[in-house]
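I have placed the structure first, in the form of C-alpha cells, so that the comments after it can refer back to it.
Nothing here was measured: the structure is a model prediction, and the numbers come from that model. This chain uses plain numbering: 1 for the first residue, then up along the sequence.
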Amino acid sequence: MNRSVEGRRDMTARRDRSQRASRRLIGREQVPSTVGAVARTVQEAIDIGEAISVGAVNLVKNTARAAISGARDVAAEAGSAAVVAVRSSIGAAREIGGDLGRISGLVLNGTFGAARQIGNDLMDLGTGGGAKRPLAKATRRRHSRTSERERTTRRSA
C-alpha cells in the first residue's frame, strides 16, 4: 500500500496488489489449485480440437479444389479429343465425297461413251447393210393376206 509522508494511507494511489486478490473474501478457504489445472486442460483440449477441425476443414477444402481442378483438366482433354474426332470425321467425309464425285463423273462419262458407241453402231448397221435409208427412217414392209399360190398365179397370168 502506498503511504504518504505522514504515515496515512493515500486513497488516490493505486494498490500494488491485483484487483482479483482484493476481491477475495476474508475467512473463506481458497479454491484448490487443481481447478485451475482442470480449466487449463479443458481449454487446451478445446484449442486442440479447434485446431484439428480447422485442419480437417482445410484438408477437405484443398482436396475438393484438387478434385475440381483434376475434373476440369479431364474435361478439357475430353473436349479437345472430341474436337479432333469431329474434325477428322469431317475431313474423311470430304475425301469420301470427293472420291464419290470423281467416280460418278467417270461412270457418267463411261455411260455416255457407251451410249454414243451404241448409237454409232446402229447407224453403221443401218447404212452398211444395203439399206437406202437410215435404220430409224426405214418403214416396215406390209404383208398381204394373199397366199403364196395366189401370188404366183397372178404373175403367170
Fill in: Asn62: side chain to side chain contact (heavy atoms under 4.5 Å, CB included) partners, not counting sequence neighbours
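In terms of side chain to side chain contact (heavy atoms under 4.5 Å, CB included), with neighbours along the sequence ignored, Asn62 is linked to Arg65.
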Discussion item. Can you list everything that forms a side chain to side chain contact (heavy atoms under 4.5 Å, CB included) with Val60? Sequence neighbours excluded, please.
Written reply: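 Expected list: none.
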Show me the pairs that pass side chain to side chain donor-acceptor pair (under 3.5 Å) and involve [range], at least two apart or across chains.
| range | value |
| --- | --- |
| residues 42-59 | Gln43-Asp47 |
| residues 92-119 | Asp99-Arg102, Gln117-Asp121 |
| residues 73-82 | none |

Fill in: Joint hydrophobic cluster, Ile46 plus Val54, side-chain heavy atoms closer than 4.5 Å
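They do not share one cluster, since no chain of ILVMFWY contacts under 4.5 Å joins Ile46 to Val54.
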Please go through [X]'s hydrophobic cluster and name the other residues, only I, L, V, M, F, W, Y counting, with side-chain heavy atoms under 4.5 Å joining them.
| X | result |
| --- | --- |
| Leu59 | none |
| Ile96 | Leu100 |
| Val107 | Ile103 |
| Ile48 | Ile52 |

Item to complete: Supply the atom-to-atom distance Thr63 OG1 to Ile68 CD1, rounded to the nearest 0.5 angstrom.
Response: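 CD1 of Ile68 is found 11.0 Å from OG1 of Thr63.
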With a cut-off of 3.5 Å and sequence neighbours excluded, list every side-chain donor-acceptor pair involving residues 84-93.
from: Ser88; atom 1: OG; to: Val84; atom 2: O; distance (Å): 2.9
from: Ser89; atom 1: OG; to: Ala85; atom 2: O; distance (Å): 2.9

